[in-house]
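Note: hydrogens, waters and symmetry copies are ignored here, and every other heavy atom, side chains too, is used. All ligand and atom numbering here is 1-based and tracks the order in the structure.
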Amino acid sequence: MIAAQTAESVRRGLASSLCLYGQGVVRGYAIGRAVVMSAAALEVVHYRVADEDIPTEKQRLCQALDAAVADLHLMVDTLPDDAPRELGVLLSVHAMLLQDPMLVQSVCQLIDERQYNAEWALTTQGQMLAEQFALMEDAYLRERSADVRQVIERVLRVLSGSAQWLPDLDALDTEDSLIVVARDISPADMMRLRGGKFGAFLTDLGGATSHTAIVARSMNVPAVVGMGLVRALVRDGDWLIVDGLNGVVIVNPSPTILQEYENRQAAFLRERDELKTLRFAPAVTLDGIRICMQANIELPEEAADALAAGAEGIGLFRSEFLFMGRAILPSEDEQYQAYASVVRTMAGRPVTIRTLDIGADKTLDGEATVATNPALGLRAIRYCLAKPELFNTQLRALLRAAAHGPVRILIPMVSHMHEIVAVRRALARAADELAAAGVAHDTQVQLGAMVEIPAMAIAIEPFAETLDFLSIGTNDLIQYVLAIDRGDRDVASLYDPMHPAVLRLIAHTINAGERVGKPVSVCGEMAGDVRVTRMLLGLGLTGFSMHPQQLLDVKKEIRQAHSNALRVKVASALNRAERIDLSALSA
Ligand code: PEP
Ligand code: MG
């Protein structure tokens, strides 16, 4: 129940104010009232079952598991057309987790041997599993501990007979915007929340790659995750201000603060509307330098978003997302359909498809990460060259898709020239096979590589000469230059895109591309970060690729910048190996 507290009481300063911090994952402001979600796992009952009741208890557990799986499948089958695209995949992953025979077996064992009731056995096993995931070195697998917790929550709710996790939204009867406050939000719960008029999501758990973050981003709703104690500190009906960019949440703000944020929110919304007018305006700097603005996508359907945001092409299609979260790898035909659909959507604009970048924080289902240091292990092109049949299937699908429009093949994690030679050989084999079988394809694809391993950036010249284009993957480049695991929160403060060593390597790559007339772009997160746009222009960058939602902000910045003046400022600082003050680059 929402407490009977009115906006007026807050405006008059009757409630006490509190400021909380977390990780802001979706930009934007929200002002509204808290709806605090219960967490079944925190309220679980513990008792021992009598010997004769053990079979019934196990049956109760199995029925609850079946019901939860059936519910998840039903949700997948009835996903509305406008549901965030990632949801279907995420819901299926949750159903798979619940169907794992090991899970049922170990929970039943706890009921059998320790005579725990079903809820107790389930939370015990769930905690153990979640802890095992949480201890993993691999960031992607670590994040999966949240999935385990969420599916257990789901079954607990079925066991308790109350699937009623959400308050009755219709009964809330309020005109105010509602802000969801939860320990964590599973994809299935996100699905339920979609129907409501929620202004923001706040969670105790989760990080930038958590599902709450991913889905909130695709819904474009401000979100702050990893808040620690927000669920304990906020009460139903509290007034909240959420700043989704800076990860700030103000509880029961004073009238002055409220006014300040109302102004910021209004300005933000005005700015959003104004930006839309830039959708089809060219990205040209004040001194006439034409910048190419492309989009990064992870699923084929996102090509439509890219086009709607005015992208001039796809600068990075992370094809590994077609391969993840599933038991059976996509066939050549499935891949071909996916790639061709993007090519068709982009209607003649270039589509850069990166070959499978699996390994490190992205693993295939059923494949344990055994490398001692996965980020330095059998990853990306190394993995593909070690699995020629898997690589051949992808290359054939890419060449077939190229028959529908301009496809550029992008190779991740290249460090040696012989890898390029091997890729060309693999491409020739795939083309020969298709030709022999009379399958329509196009061999005129451009071949490029990600510049994300320092060795390649340092010795860039022969790569620039032999390849058709270069795309700088700053996410990994920074990780490898600074020896900072990009997914490790403990060293996150040292992950510094502005480190002179990083900037010098970017400049070096851009200069090499200019010398031999090969296009160079940046497709790492730096490209979409408006705070460093001027820096990248100053380094001489003319190609940017980013999430579709970032395109307009960056384009606006580009249109207000003077590229040559920035180049002079940045070059002189880089020559002195100085740390460049970003504020010195602003207009
Ligand atoms: C990068 O490393 O900058 C990049 C774009 O690739 P990913 O984030 O997929 O590793
Ligand atoms: Mg990378």
Side-chain angles (χ1 to χ4, degrees), residues 25 86 138-141 143 207-209 213-214 217 293-299 302 306 311 313-325 351-364 369 373-384 394 408-415 419 448-457 463 469-488 492 495-499 502-503 505-506 509-510 520-529 532 535-536 539 541 543-548 550-551 554:
V25 288
E86 293 85 350
D138 182 303
Y140 180 79
L141 289 178
E143 204 54 84
T209 59
I214 294 170
R217 215 173 273 135
M293 305 280 296
Q294 298 190 320
N296 293 355
I297 60 168
E298 281 153 17
L299 292 169
E302 290 166 3
I314 300 297
L316 171 66
F317 176 1
R318 291 181 161 101
S319 71
E320 56 275 13
F321 281 81
L322 294 175
F323 291 68
M324 283 158 44
V351 174
T352 312
I353 305 176
R354 184 171 71 184
T355 58
L356 190 59
D357 182 2
I358 219 71
D361 60 342
K362 294 172 280 196
T363 50
L364 296 180
T369 308
N373 191 338
L376 304 181
L378 193 65
R379 185 187 158 181
I381 191 57
R382 303 166 181 181
Y383 182 93
C384 287
Q394 181 167 42
R408 310 196 315 162
I409 296 181
L410 179 61
I411 310 296
M413 301 287 299
V414 172
S415 50
E419 289 163 334
M450 298 281 294
V451 182
E452 52 187 347
I453 293 186
M456 185 188 184
F463 293 100
F469 65 96
L470 298 169
S471 186
I472 307 177
T474 46
N475 305 344
D476 277 313
L477 186 64
I478 298 165
Q479 143 163 288
Y480 295 125
V481 170
L482 300 179
I484 297 297
D485 181 339
R486 63 192 258 195
D488 186 341
Y495 186 91
D496 179 12
M498 290 299 111
H499 192 293
V502 173
L503 299 179
L505 287 182
I506 297 175
T509 305
I510 294 171
V520 177
S521 58
V522 168
C523 64
E525 292 304 302
M526 271 177 92
D529 183 346
V532 301
M535 167 63 79
L536 291 173
L539 293 169
L541 190 72
F544 289 64
S545 189
M546 65 201 75
H547 191 282
Q550 297 166 322
L551 278 163
V554 175

Distance in Å, R354 CZ paired with T352 OG1, rounded so as to fall on 0.5 Å steps: 11.5 Å
Looking at E452, the N/O/S atom that lies nearest to the Mg ion (ligand 2) is called OE1
Find, among atoms of D476 that are N, O or S, the one nearest to the Mg ion (ligand 2), and state its name. OD2
Would you mind running through ligand 1 and noting each atom that sits below 4.0 Å from a heavy atom of C523? 5 (C)
For ligand 1, which atoms, with element, lie under 4.0 Å from some heavy atom of G473? 1 (C), 2 (O), 3 (O)
Just going by heavy-atom distances, which of Q479, R318, E298, M546 is nearest to atom 7 (P) of ligand 1? R318
The side-chain contact (heavy atoms from CB on, under 4.5 Å) partner of D496 among V502, L482, I484 is L482
Could you check whether any heavy atom of R354 sits closer than 4.0 Å to an atom of ligand 1, since that is the contact criterion I want to use? yes
Whether R379 lies under 4.0 Å from ligand 1, heavy atom: yes
For [Y], does its backbone N or O pair with a side-chain atom of [X] as donor and acceptor, under 3.5 Å?
X    : Y    : result
Y480 : A375 : yes
E320 : L356 : no
R318 : N296 : no
N475 : G524 : no

Side chain, backbone, both or neither: which part of N296 comes within less than 4.0 Å of ligand 1 when only heavy atoms are counted? neither
What about E320: any of its N or O atoms under 3.5 Å from an N or O on ligand 1? no
Can you find an N/O atom of E525 closer than 3.5 Å to an N/O atom of ligand 1? no
Does the side chain of Q294 come under 3.5 Å of the side chain of S521 through a donor N or O and an acceptor N or O? no
